[in-house]
*Asks:* 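I'd like to ask some things about the structure below.
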Amino acid sequence: MNAFPTRIENAAGREMSPTEIFAISRQQEIGLSRMLTAYISVGLAFMLLPGTFLGVWNLFSISGHSSKIDPAWMQAHGHAQIFGWVATFILGIGFYSIPKLRGSGPFALSKPWLALALWVSGVGLRWFTNVYGWNWRIALPVSAVLEIAAFLVFFRAVSGHRPEKKEGGEKPRLAAWTLVVMMGTLGFLATLAANMYGAFATASRASSPAFEHHFDQKFLVLVAWGFLATTVWGFTARWIPTFIGLAAPRSRALLTAAAINLLGVLFAFFGMFRPASILALAGAIIAVYALRIFEPSIQPAKLNGVHPTLPIFIRSAYGWLLVAASLAIWAAFDGDRSGGIGGAGRHAMTVGFISMMIFAVGQRVLPAFSGMRLLFSKRLMFLSMLLASVGCTARVVSEVLAYPGYVAAAWHCLPISAVIELTAFALFALNLFVTFMRRPVVKPATLYSITARNSSIA
């Protein structure tokens, strides 16, 4: 697949020279890198302030042996973390990567910037509305419309880039990881559609901007398993075998895992949480098998510029995935009247699995994507992953012990776990922010000369 198109015509219909194509591609790459840096910076800001900080505040509020807290605040924290941080990263990486993977030519960079403006407005308005209750019957639906509008701009932009046909006009066969990422993208769309339905329903008949509890439980399953888990499995299949030296994923098993996971989400949608939780665990186990996560590496890991413990933390993230699915089964069959078991499972999923994968993979790929930079500090990378692991362990264990009333002293561990996790997230953000401020290790002219030469060989 060529990195640059072999034939491009200008507005007058004249075929452009290789030098002109190279100059356009160079400017396109610089623009894409700046765009991605903006998405990542916005995501980090949501992660630290509306997301993690509000979560810490919530845990300090409930540490006095009381699980009562404003649901709107809890949902504001979760929305900022999932949509403000994780989804913003996914949108930025999608805008940056998909044209390259499909070998397409330059596209209008105004689309990513428009999507970012709509997305930030929607997510920011949602957080502000949930926390302060300002005109929430109007603001809540507006925020949902802005978010889905941003996604539609993204979807239209990336779906317009078609893969190049092979010789003879044969269409290329999509890889398993691509199909799984596409399933995750559809899960993203379904999540935003459900969010919009919840926003309009809440605005029309609720007494606060918080989603109704039963709907929120279904919504959280859709977010965690229909969107996040599937998307991460797809990107894991694309990147992780190379990063930590694993054999190629088992494609059929990966697709089977995604299909079982989707079936579990559908069961949860109809309120059948017990079979849904069993299917979630089954899908997670098959995904681990398909991705060979716990199998020995067959070649040296590619650890240039990152801490050598990267493979350990990637494997630990998938351990947390299995813990999250197991706790979901416990909560579904036990009744979980206190909410502690289900909450612990969601935390194992969002922090133990999703956040750890972002900490590990993000600090590996984002510096290179954002202008061929080197990560600022391997030590900060290690500390952020270590503290996230310690904080998540303390949080999950404390919730399991405190909420059902098994160990009253465990309530006091909740704010401690929150401070540890806040420190981990702050170190992660600091490492990336400083990385983005550093100069690239390869000058742009040299970088694009190398890229053009390699593409001509390909």
Side-chain angles (χ1 to χ4, degrees), residues 32-48 51-52 81 84-94 96-97 228 231-246 293 297 300-321 350-392 420-442:
L32 284 171
S33 295
R34 289 174 177 170
M35 175 273 300
L36 178 60
T37 301
Y39 270 84
I40 301 306
S41 299
V42 167
L44 292 173
F46 271 110
M47 176 196 75
L48 282 176
T52 304
Q81 286 289 71
W85 173 34
V86 180
T88 304
F89 272 31
I90 291 173
L91 290 172
I93 292 172
Y96 177 86
S97 301
L228 295 178
T231 303
V232 172
W233 293 352
F235 283 119
T236 298
R238 174 67 178 89
W239 285 327
I240 300 306
T242 301
F243 291 170
I244 65 178
L246 298 176
I293 290 296
S297 299
K302 294 188 176 181
L303 302 173
N304 294 337
V306 296
H307 199 274
T309 57
L310 176 70
I312 296 174
F313 286 106
I314 287 176
R315 290 184 168 101
S316 75
Y318 273 86
W320 279 114
L321 173 69
T350 55
V351 175
F353 177 53
I354 302 298
S355 296
M356 184 58 67
M357 288 299 294
I358 294 175
F359 278 26
V361 179
Q363 294 180 95
R364 172 67 173 77
V365 303
L366 292 177
F369 286 176
S370 302
M372 289 302 292
R373 292 175 168 85
L374 285 177
L375 185 67
F376 169 64
S377 172
K378 298 179 185 180
R379 182 174 297 178
L380 286 180
M381 177 181 181
F382 169 72
L383 288 175
S384 65
M385 294 188 296
L386 177 63
L387 290 174
S389 297
V390 172
C392 185
I420 294 173
E421 289 181 353
L422 175 61
T423 304
F425 281 72
L427 292 178
F428 169 71
L430 174 64
N431 210 13
L432 286 183
F433 276 133
V434 177
T435 298
F436 293 155
M437 291 188 292
R438 304 178 81 190
R439 291 186 176 181
V441 294
V442 180

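If you're wondering where the values come from, they're calculated on a predicted model, not measured in any experiment. Both backbone and side-chain heavy atoms feed into the values below; hydrogens, waters and symmetry mates do not.
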*Asks:* State, with a plain yes or no, whether a side-chain heavy atom of L303 is found less than 4.5 Å away from one of P311.
*Replies:*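 SC-SC contact between L303 and P311 confirmed.
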*Asks:* What are the two closest non-hydrogen atoms of M35 and Y96, and how far apart are they?
*Replies:*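 Looks like CE-N, 3.9 Å.
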*Asks:* If you measure from CD1 on I358 to CZ on F353, what distance do you get to the nearest 0.5 Å?
*Replies:*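 I358 atom CD1 to F353 atom CZ measures 10.0 Å (nearest 0.5 Å).
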*Asks:* Mind checking whether H307 and F382 have parallel, tilted or perpendicular rings, split at 30° and 60°?
*Replies:*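 Rings of H307 and F382: parallel, as their planes differ by under 30°.
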*Asks:* Roughly how far, to the nearest 0.5 Å, is OG1 of T88 from CG of L44?
*Replies:*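 That separation rounds to 10.0 Å.
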*Asks:* Do you know which two heavy atoms are closest between W320 and S389, and how far apart they sit?
*Replies:*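 Nearest heavy atoms, W320 then S389: CZ2-O, 4.3 Å.
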*Asks:* Counting C-beta onward and ignoring hydrogens, is there a side-chain heavy-atom pair between L310 and M381 closer than 4.5 Å?
*Replies:*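 With C-beta onward as the side chain, the pair touches.
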*Asks:* Working note: L380 + V434, criterion side-chain contact (heavy atoms from CB on, under 4.5 Å); need CA distance, chi angles, decisive distance, verdict.
*Replies:* CA-CA 11 Å; L380 286 180; V434 177; over 6 Å; no
*Asks:* When rounded to the nearest 0.5 angstrom, what is the spacing between CZ in F433 and OG1 in T37?
*Replies:*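 Between F433 CZ and T37 OG1, I get 10.5 Å after rounding to 0.5 Å.
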*Asks:* Keeping the roles fixed (side chain from T435, backbone from L375), state whether a donor-acceptor pair exists under 3.5 Å.
*Replies:*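 No; zero donor-acceptor contacts below 3.5 Å.
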*Asks:* Is there a side-chain contact (heavy atoms from CB on, under 4.5 Å) between L32 and L36? Walk through the geometry before answering.
*Replies:* CA-CA 6 Å; L32 284 171; L36 178 60; over 6 Å; no
*Asks:* Do V232 and Y318 come close enough that some side-chain heavy atom pair is under 4.5 Å?
*Replies:*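 The answer is yes, as the side chains (C-beta and beyond) meet within the 4.5 Å cut-off.
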*Asks:* Any chance you could lay out the side-chain contact (heavy atoms from CB on, under 4.5 Å) test for L366 and I93, step after step, and finish with the verdict?
*Replies:* CA-CA 9 Å; L366 292 177; I93 292 172; 4.1 Å; yes
*Asks:* For a quick test of reading the model, state the closest non-hydrogen atom pair linking A429 to M47 and the distance between them.
*Replies:*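 So the two residues come closest at CB-CE, 3.8 Å.
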*Asks:* With rounding to the nearest 0.5 Å, note down the distance linking CE in M357 to OG1 in T236.
*Replies:*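 The distance works out to 3.5 Å.
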*Asks:* What are the two closest heavy atoms between V306 and K378, and how far apart are they?
*Replies:*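 Scanning both residues completely, I find the closest heavy atoms to be O-CD, 3.6 Å.
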*Asks:* For the residue pair V365 and F235, establish whether any side-chain heavy-atom pair is separated by less than 4.5 Å.
*Replies:*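 Side chain of V365 against side chain of F235, heavy atoms only: no contact under 4.5 Å found.
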*Asks:* Angle between ring planes, W85 versus F89, binned at 30° and 60°: parallel, tilted or perpendicular?
*Replies:*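 The arrangement is perpendicular - the two ring planes meet at more than 60°.
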*Asks:* Test F428 against every option in L430, N431, L432 by the side-chain contact (heavy atoms from CB on, under 4.5 Å) rule and name the one that passes.
*Replies:*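 Between F428 and the candidates, side-chain contact (heavy atoms from CB on, under 4.5 Å) is satisfied uniquely by L432.
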*Asks:* Could you tell me the separation between the CG atom of L427 and the CG atom of L383, rounded to the nearest 0.5 Å?
*Replies:*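 Rounded to the nearest 0.5 Å, the CG-CG separation comes to 6.0 Å.
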*Asks:* Answer whether the closest heavy-atom distance between the side chains of V361 and W239 falls below 4.5 Å.
*Replies:*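 The answer is yes, as the side chains (C-beta and beyond) meet within the 4.5 Å cut-off.
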*Asks:* Measure from the side-chain N and O atoms of E421 to the backbone N and O of C392, and report whether any donor-acceptor pair falls under 3.5 Å.
*Replies:*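 Yes; at least one donor-acceptor contact below 3.5 Å.
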*Asks:* Strictly distance-based, threshold 3.5 Å: is any side-chain N or O of S33 a donor or acceptor partner for the main-chain N or O of F369?
*Replies:*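 A pair under 3.5 Å: yes.
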*Asks:* Quick check: closest heavy atoms across F46 and Q81, and the distance to 0.1 Å?
*Replies:*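 Scanning both residues, the minimum pair turns out to be O-OE1, 4.3 Å.
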*Asks:* Got a donor-acceptor contact below 3.5 angstrom from the R373 side chain to the R438 backbone?
*Replies:*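 It does hold such a pair.
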*Asks:* For the pair F376 and F436, evaluate side-chain contact (heavy atoms from CB on, under 4.5 Å) and give the outcome as yes or no after the intermediate values.
*Replies:* CA-CA 9 Å; F376 169 64; F436 293 155; over 6 Å; no
*Asks:* Provide the closest heavy-atom pair for M356 versus F313 in the form atom of the first, atom of the second, distance.
*Replies:*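 Looks like CG-O, 3.5 Å.
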